[in-house]
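Okay, so here's the structure we're looking at.
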There are 2 protein chains.
Amino acid sequence: MKQDYCYKHPRPSVTTDCVIFGYDQLQLKVLLIERGIEPYKGKWALPGGFVREDETTEQAAARELSEETGLKNIFFEQLYTFSNVDRDPRGRVITVTYFALVNIENFKPVAGDDAKNARWFPVKEIPKLAFDHEMIFRKALYRLKSKIKWQPVGVELLQDKFTLGELQSVYEAILEIKLDKRNFRKKILKTEVLIQLDEKQKNVAHKAAYLYKFDKKKYEQLENDGFYFEI
Amino acid sequence: MKQDYCYKHPRPSVTTDCVIFGYDQLQLKVLLIERGIEPYKGKWALPGGFVREDETTEQAAARELSEETGLKNIFFEQLYTFSNVDRDPRGRVITVTYFALVNIENFKPVAGDDAKNARWFPVKEIPKLAFDHEMIFRKALYRLKSKIKWQPVGVELLQDKFTLGELQSVYEAILEIKLDKRNFRKKILKTEVLIQLDEKQKNVAHKAAYLYKFDKKKYEQLENDGFYFEI
DNA sequence: AATGTTTAGTGTAAAAAAGACACTTAGAAA
DNA sequence: TTTCTAAGTGTCTTTTTTACACTAAACATT
């Protein structure tokens, strides 16, 4: 039923690119793909692809994410739409970008993928990127830094169970500052209402409980920015 | 040089829609256009239009804004990109939306426009809107409410000179709460560093000074979200 | 088994920020 | 001139933020 397009207007290609953040060995990392074809063959780039006719940009991004990481139920949200007329040498391409937070431990390099080279780079050691992906990356990093200050997205980078110390390290890696342990715990336990498990593991917080507690806030956020998706 | 498009992919139409906020008579208002053609003929809609081949979506939005309001140097920023496959009955249309803050007093209904009916509606009395514009509008309103809490965008709705009382009214209209006069002044004068003019007009704050003072913050913001544009 | 090393866990005091609250003065309108 | 509306101002209380140091347990090393 998605019949004849009846507008007489230029029709740009529309793609999505994803800035996928992970956290590993006390470093914030980002997933990059080595391009196998021109233009920018051999350069590193953000994973992305064309939006199909029967899917939203969110669905396209979700598809990309699962293709690249094999992960499902990932936190992601729309970042920005880039539309400079010369951002792709092949012609007019408008790109809707997303940023995602994943748990690297769950990540298994997708075998049998189209032989693309995928690697996690520490955000401090990003190589030269194809297209305008550097700008996209910087915007994503800025967004993440801003967001973590008032929304409990840090946990998305960790496994279901994590210690408060680990969570603090995530904050420290993203914000690039040292935090006071006691103040961090005080604040996180008050404003973010993490739930701690049994007495034996008092320091282990639980992500599911955490998300549950944040239902309302999450809901607002989901409506307005972010999405969880289940493939 | 924007030669042959060489992708073999569906090419959606790309449009921009703008949620233009104004402030008048103690009310937050939004500019709507009555549609002159099908679909949704006669319904109210957000101003918007197609993105041309040689312009970015920002430029398209800026063009729309100036066409609709005749204003230049308007504050606006990208809001969200909507891409539901059935959001336009005519076919696949992806819309990059923007929200803008203007000073209604400077607004002159653009004469000789293509006979479109344009009107400011109080945000509390929005009629049924065409397409998915209600969703867009709600998202813009939510963004504005969030944004005003930590970025000094309130002044954008006022003229160059304004009283602190007027600024407070803007905050009250947007946040839908009553604020204490003394606490508001204390806070605004500390964190937002408004500059007051001569002794005679002690209560009149000045927007230019205000913007100047906020250079750094503005700059960051401009880089990451918003734009001022000069037609 | 003993030792050293790392991480978990805890409280208090000081400083800063936010919130509650009422009257006087000046200018505009009647 | 009187009345009405908006401007202007300070203090006290509560809440939030920040700075700061030691003990206990788990783990790794020898």
Side-chain angles (χ1 to χ4, degrees), chain A residues 23-27 105 145-146 148-152 154-155 157-207 209-210 217, chain B residues 23-27 105 145-146 148-152 154-155 157-207 209-210 213-214 217:
Chain A
Y23 175 77
D24 186 29
Q25 302 191 290
L26 299 178
Q27 287 182 310
E105 264 110 308
K145 280 188 192 185
S146 315
I148 202 175
K149 285 177 197 151
W150 61 280
Q151 281 194 342
V155 290
L157 293 162
L158 297 168
Q159 290 179 297
D160 282 351
K161 286 184 190 177
F162 51 87
T163 66
L164 291 174
E166 286 167 336
L167 186 60
Q168 182 178 343
S169 304
V170 167
Y171 276 75
E172 290 176 336
I174 293 175
L175 297 173
E176 300 179 85
I177 51 172
K178 262 286 173 202
L179 297 169
D180 179 83
K181 192 182 6 168
R182 274 172 296 189
N183 291 339
F184 179 80
R185 292 167 109 83
K186 206 190 303 173
K187 194 164 172 181
I188 221 76
L189 292 175
K190 185 197 288 191
T191 67
E192 310 213 344
V193 206
L194 280 163
I195 283 203
Q196 299 185 341
L197 296 182
D198 55 76
E199 279 304 303
K200 212 64 215 179
Q201 300 180 294
K202 269 171 79 181
N203 64 314
V204 177
H206 198 266
K207 194 164 157 185
Y210 173 92
K217 232 180 176 175
Chain B
Y23 175 78
D24 186 31
Q25 302 192 289
L26 299 180
Q27 286 182 309
E105 264 109 306
K145 279 188 193 185
S146 315
I148 202 176
K149 285 179 198 152
W150 61 280
Q151 281 194 342
V155 290
L157 293 161
L158 297 167
Q159 289 179 296
D160 282 351
K161 286 182 191 179
F162 51 87
T163 65
L164 291 175
E166 286 166 336
L167 186 59
Q168 182 178 344
S169 304
V170 167
Y171 276 74
E172 290 175 336
I174 292 174
L175 297 174
E176 301 178 87
I177 51 172
K178 263 285 176 203
L179 297 169
D180 179 83
K181 192 180 5 168
R182 275 171 296 187
N183 293 339
F184 179 80
R185 293 165 110 83
K186 204 192 304 175
K187 193 165 172 181
I188 220 76
L189 292 176
K190 185 196 287 190
T191 68
E192 309 214 344
V193 204
L194 279 163
I195 282 203
Q196 297 186 342
L197 296 182
D198 56 75
E199 279 305 303
K200 213 63 215 179
Q201 302 179 292
K202 268 171 78 181
N203 65 314
V204 178
H206 197 266
K207 194 163 156 185
Y210 172 92
K213 280 279 172 181
F214 267 86
K217 232 179 176 177

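Quick caveat: nothing in here was measured; it's all calculated off a predicted structure. Values below: every heavy atom of this structure, side chains too, minus hydrogens, waters and symmetry copies. Residue numbers start from 1 in every chain, and the chains themselves are labelled A, B, ... in the order their sequence lines are given, proteins ahead of strands.
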To the nearest Å, how far apart are [X] [atom1] and [N] [atom2]?
X: B:K181; N: C:dC21; atom1: NZ; atom2: C1'; result: 13 Å
X: B:Q168; N: D:dT5; atom1: CD; atom2: C1'; result: 15 Å
X: B:F184; N: C:dG19; atom1: CZ; atom2: C1'; result: 15 Å
X: A:R185; N: D:dA21; atom1: CZ; atom2: C1'; result: 15 Å
X: B:D180; N: D:dA6; atom1: CG; atom2: C1'; result: 15 Å
X: A:E166; N: C:dT7; atom1: CD; atom2: P; result: 10 Å
X: A:K186; N: D:dT18; atom1: NZ; atom2: P; result: 10 Å
X: A:K187; N: D:dT18; atom1: NZ; atom2: P; result: 6 Å

Heavy atoms only: give me the nearest [X]-[Y] pair and the separation to one decimal.
X: B:A205; Y: B:L164; answer: CB-CD2, 4.2 Å
X: A:K149; Y: A:L175; answer: CE-CD2, 3.8 Å
X: A:D180; Y: A:N183; answer: OD2-N, 2.9 Å

Subject >> A:T163 side-chain N/O to C:dA8 phosphate OP1/OP2 under 4.0 Å >> reply: yes

Original post:
Considering only D:dA19, D:dT9, C:dT10, which nucleotide approaches the side chain of B:R182 most closely?
Top reply: D:dT9

Subject >> DNA chain D: 5'-proximal contact among B:N183 and B:G165 (nearest heavy atom) >> reply: B:G165

**OP:** Mark yes or no for whether A:Q27, through its side chain, and A:D24, through its backbone, hold a donor-acceptor pair below 3.5 Å.
**Re:** no

